[in-house]
Amino acid sequence: LLLPGDTPFHVIELVGLSTEFLESWQHDGFEALYVLAGPVEVDVDGSVSQLSTGDFMSYPADLPHRYRSVLGPAARVLLVETQLHNAQQGAHSAS
């Protein structure tokens with residue numbers, strides 16, 4: 001985690017990905033991925049996208065999603081995730 005926990009979003013550097021798709025997960029909010037070292041495959045709700053180094057992707061996090069990379073431990077992804085209720089609270093407090 002690259003930012004304090006009370007921000008309306010989290011920035012996480014994922015270092016090393018499984019070479020196989022593991023169980024998918026889903027949660028409130030949105031996610032965005034920036035591939036620092038790829039290739040990386042992203043499965044969002046059964047649709048697989050192949051991303052290379054420098055590629056960016058975003059999607060609603062309430063859809064089932066998961067990642068993998070043939071690079072295994074050498075893969076690196078910057079993940080930005082929002083929690084919908086936290087983002088809404090942040091917007092209200094800024095008013």
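Throughout, residue positions are numbered sequentially from 1 according to the sequence presented. As a basis for the values below, the full set of heavy atoms in this structure was taken, side chains included, without hydrogen atoms, waters or symmetry mates.
- With rounding to the nearest 0.5 angstrom, the CD atom of Glu20 is 11.5 Å from the OG atom of Ser69.
- Within the 4.5 Å cutoff, side-chain heavy atoms of Pro39 are placed close to those of Val70.
- At a threshold of 4.5 Å between non-hydrogen side-chain atoms, the residues Val44 and Met57 count as touching.
- Across all non-hydrogen atoms, the minimal contact from Ser24 to Pro64 is OG-CB, 3.7 Å.
- In this structure, CG in Leu71 is found 11.5 Å from CZ in Arg76, a value given to the nearest 0.5 Å.
- In this structure, the side chains of Trp25 and His65 come closer than 4.5 Å at one or more pairs of heavy atoms.
- Scored by the side-chain contact (heavy atoms from CB on, under 4.5 Å) test, Val77 finds Leu14, Leu17, Leu33, Val40 as partners (sequence neighbours excluded).
- Side-chain contact between Arg66 and Leu22: absent, with no pair of heavy atoms (C-beta onward) separated by less than 4.5 Å.
- For Thr82 (side chain) and Gly29 (main-chain N/O), no donor-acceptor pair under 3.5 Å exists by modelled atom type.
- Within the model, atoms OG of Ser49 and OH of Tyr59 stand 10.0 Å from one another, a figure rounded to the nearest 0.5 Å.
- Without hydrogens or angle criteria, Ser18 side chain to Arg68 main chain gives no donor-acceptor distance under 3.5 Å.
- When side chains are defined from C-beta on, Tyr67 counts as touching Leu79, because their heavy atoms get closer than 4.5 Å.
- Phe56 and Phe9 fall within a single hydrophobic cluster, where Ile, Leu, Val, Met, Phe, Trp and Tyr are joined by side-chain heavy atoms under 4.5 Å apart, directly or via other members.
- The hydrophobic cluster containing Leu63 also contains Val42, counting ILVMFWY residues as joined when their side-chain heavy atoms lie under 4.5 angstrom apart, directly or transitively.
- Both Leu36 and Val11 belong to a single network of hydrophobic side chains, linked directly or stepwise wherever heavy atoms of I, L, V, M, F, W or Y lie under 4.5 Å apart.
- The two residues Tyr34 and Gly54 come nearest to each other via the heavy atoms CE1-O, 3.3 Å.
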